[in-house]
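This report concerns only the one structure given below.
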Amino acid sequence: MIFNSLQFLVFFPVVTSLFYVLPHQFRWALLLVASSIFYMAFIPWYILILVFTILVDYAAGLLIGSCQGNHRKLLILTGSIFTNVGTLFVFKYYNFLNENLTQLAQVLDWNYTAAGMQLALPIGLSFHTFQAMSYTIEVYRGNQKAERHLGIYALYVMFYPQLVAGPIERPQNLLHQLREPHSFAYSNVAKGLRQMAWGLFKKMVIADRLAEFVDVVFDDPSKFHGTTIALASLAFAIQIYCDFSGYSDIAIGSAETMGFKLMRNFKNPYFSESLSDFWKRWHISLSTWFKDYLYIPLGGNRVSLPRWYSNLIIVFAVSGLWHGANWTFVVWGLINGIYVIIETGLLQHFPALSSGSAATRPLWRPIKVLATFALTCIAWIFFRARNLQDAFTAIGNLFTAATANETMTLLVHWSMVESLFLIGGVGMLFVVEYNLGDRNFGEFLHGKPLLYRWCYYYYLIAAVLLFGKFDEAQFIYFQF
Amino acid sequence: MAIPRLCLKLTAAAGPFLLIASIDAVVLDIDVFNFRVWEAVASCKMFSGPFYPYIHIRKLEVGDLAHHTGYEVPKQVEWYTDAYGFRNIPSDTLVHDLVLVGDSNVVGCASSQQETLAAQIQHDTGIRTYSYAPQIDFSFFLRDPLLVNLKPRVVVYSITERYLGEHLAKTPPISAPPRMPPGLPIKRWLEQFAAWRHAAVFVDRFLKLSILHYCRARVAATNSPGIQPSVAPKVLTLEGQKALHESDTADIDQIVAVITSYSAYMDGMRIQLIFMPIPNKETIFSGQLGDSSPPELIPEVVRRLRNKGVMAIDLQKPFMKATASGKLLYHLDDSHWNSQGISLAAFQLAQVLPRLSNILKPQTGETQ
């Protein structure tokens with residue numbers, strides 16, 4: 001079940017209403033059943049995989065919590081992590097590894113004949129696996145008591161708002177909320193619904209519309225040049241932000257309607273003044289996960305300079321690989337790692353780069369923001385390309401001249417009204433997001449004048465209805 | 001206070017949009033937002049049949065390939081639907097010697113009531129003919145209790161060429177009696193009551209959200225899917241050259257096997273099946289699409305079926321011959337055949353029906 005579907009339109013109010021109707025002691029069961037239904041809407045039998053990992057980590061948490069020796073605790077933790085990473089590996093990375101070994105074997109003339117596996121990737125596997133691992137790690141570190149209630153623990157892993165695409169929660173934030181009673185609070189519901197409306201607007205109106213243009217270019221970048229590639233990269237940067245943050249908004253908003261506070265996942269990343277700053281604002285739940293569970297255990301920046309740089313490269317490469325089983329993601333991660341290394345080196349040697357000179361200071365912030373944005377757009381080319389060859393082709397063609405005809409033939413995907421609305425919508429998106437500051441959209445509208453709020457509500461609803469991309473099959477008997 | 005306040009605000013937020021949809025469903029004419037009758041009367045979910053029952057509508061409509069463009073050709077059409085939501089003039093008796101099962105061409109999309117295939121056949125032969133269309137899935141017809149009430153002696157299964165590969169080639173041959181569609185008897189029972197029908201039409205129109213789809217189509221400027229060939233720009237087609245491909249042998253084998261199984265099943269019910277596939281517009285105009293030879297799917301399927309003793313009619317040859325002599329058998333701005341094409345098909349069928357005179361008797365009575 002996806003958030004922008006009719007099924008969810010029925011599912012969400014029913015579950016939320018039942019949540020408040022039921023006594024507190026039964027709510028965890030309701031949410032667990034609802035989350036199971038939500039998950040099974042994809043491939044029903046895959047819930048068995050989720051049940052398996054939940055049972056393993058639940059048992060691991062209890063064992064670690066009751067264990068005395070650090071060595072035994074570490075062994076149990078290793079087993080738990082191995083199970084989670086192993087599950088992730090089988091479904092997500094086995095075929096990738098197999099294909100690469102096959103190619104390597106061909107080059108080296110080895111006899112290698114392992115078969116690939118035809119397994120669909122379980123939805124949200126990367127997210128709930130990491131969330132489960134953060135639980136066992138925090139129990140091991142002594143920061144979290146082992147959860148004895150299996151149902152509550154299972155709900156922690158598969159809480160439906162954040163099951164499919166995060167935010168990747170920490171047990172310290174979420175577990176206690178699942179135990180606490182939540183009374184109906186008008187402000188929570190109002191903020192949550194506003195957040196969801198904003199998320200739907202970003203996802204269905206902006207992200208899915210921009211995808212129409214982006215997909216054409218990136219499906220065969222050899223046919224496109226110069227400004228077309230640049231426009232497609234820019235469009236993809238906005239698309240991926242709106243798609244991902246929109247989904248997070250819907251997740252956070254739907255949780256907030258029930259009184260649950262999930263962590264903020266995006267904080268105006270395209271207004272970052274540096275790449276280090278960008279990675280503190282983009283997919284915050286994942287970047288903090290890697291910082292706490294990979295970067296810092298590797299030593300972080302409290303090591304020698306070469307070791308620090310290699311730590312950064314490792315973390316960014318693994319982060320890239322987490323996004324998908326393709327070398328393009330790894331290269332994307334590496335590029336970002338190299339960006340951060342170069343930026344850190346430059347700022348160490350040229351501190352004036354941070355604030356600019358007295359003459360340039362007023363313009364320095366926008367210049368930094370634009371430069372950071374441009375560099376991320378270039379990196380996004382690798383993220384979006386189907387393979388490395390396409391990515392390098394796109395990069396190469398970026399510096400050739402596009403014909404006006406080439407760009408115009410793409411823009412015919414949209415009518416004049418759609419194009420103007422999209423441009424206006426993107427402009428409005430950036431203005432609003434800039435003004436959000438530390439607040440989310442739900443909080444942003446809270447306390448604003450009545451007319452101001454209701455203009456937003458009607459605008460968002462009308463925009464989704466008129467411009468939102470629904471799953472419309474081309475059917476000649478449903479023409480208007 | 002908080003919950004009533006929330007309900008009030010949710011109502012205020014959704015209210016204007018729901019009100020607009022309700023005005024469309026209740027106040028406005030059924031076809032205000034449609035360029036043709038089909039979408040206006042097509043049932044979304046609430047009815048057992050494809051269209052709203054007991055409809056009588058006259059409309060100046062345009063074709064499905066060129067609406068909202070300079071190539072549209074307006075034509076006045078009249079539609080009737082019967083108690084079951086099929087495009088037939090309502091009649092006191094349900095018994096029809098001949099039933100047509102088919103797609104939108106059999107419905108007579110873009111044609112008026114008197115021009116439909118059922119009306120033409122009844123006019124030409126005097127045989128009471130019922131149009132059970134659109135229904136590409138023949139097994140659905142076999143499951144429908146209406147088949148028993150219609151008591152046909154002959155069933156003509158007539159679908160457009162493109163559906164042979166898209167549908168029939170992927171359908172298994174029928175072996176066991178098919179199960180009745182769930183919910184159908186309940187819907188049919190409820191549709192007897194006028195109050196239910198009116199309420200269901202309101203709900204159906206509300207769910208269709210015609211005004212929303214109309215606005216989205218205008219915003220997106222999705223005007224028409226018609227493809228203009230380079231040689232004859234006025235003859236629009238649905239798929240252009242894409243439709244001109246030869247079919248796999250495996251697909252042809254499957255189509256023949258499926259139709260043969262339907263024929264055998266009908267023989268068990270003492271009903272004669274006649275298979276009459278309708279050529280794609282692209283096939284008939286293949287010369288103007290840059291391809292000199294039309295696909296041979298229909299002639300090949302008909303030949304193989306005849307070899308297996310199944311009655312089948314090849315419309316492609318007479319259609320090609322008539323087109324070559326200057327006749328226009330399809331609407332210029334629509335993917336469907338026109339009254340000349342329908343007449344020719346009815347004529348071809350009428351040539352075959354005398355062979356079945358032992359089971360068919362011409363009836364006097366209402367015309368279609």
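Note that the structure is predicted; figures quoted are calculated from it, not measured. Chain A is the first sequence line, chain B the second, and so forth, proteins listed ahead of strands; every chain is numbered from 1.
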Closest approach of [X] and [Y], non-hydrogen atoms and distance?
X: E418(A); Y: A220(B); value: OE2-CB, 3.4 Å
X: I461(A); Y: A13(B); value: CD1-O, 3.8 Å
X: L465(A); Y: F17(B); value: CD1-CD2, 3.7 Å

Check your understanding: What part of P16(B) gets closer than 4.5 Å to chain A, counting heavy atoms only: side chain, backbone, both or neither?
Key ->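 Contact with chain A: side chain only.
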Given heavy-atom pairs under 4.5 angstrom as the criterion, report whether the side chain, backbone, both or neither of [X] touches chain B.
X: F467(A); answer: both
X: A462(A); answer: both
X: F184(A); answer: side chain

Review point. Can K9(B) and Y457(A) be said to form a side chain to side chain contact (heavy atoms under 4.5 Å, CB included), step by step?
Key: CA-CA 11 Å; K9(B) 295 219 170 173; Y457(A) 299 157; over 6 Å; no
Please indicate whether [X] has more than 12 foreign heavy atoms, meaning atoms of other residues, nucleotides or ligands, lying under 6.0 Å from its [atom1].
X: L19(B); atom1: CG; result: yes
X: H446(A); atom1: NE2; result: no
X: K223(A); atom1: NZ; result: no
X: L451(A); atom1: CG; result: no
X: K242(B); atom1: NZ; result: no

Check your understanding: Can you tell me how far the CG atom of L193(A) sits from the CG atom of L10(B), to the nearest 0.5 Å?
Key ->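 If we round to the nearest 0.5 Å, L193(A):CG and L10(B):CG are 6.0 Å apart.
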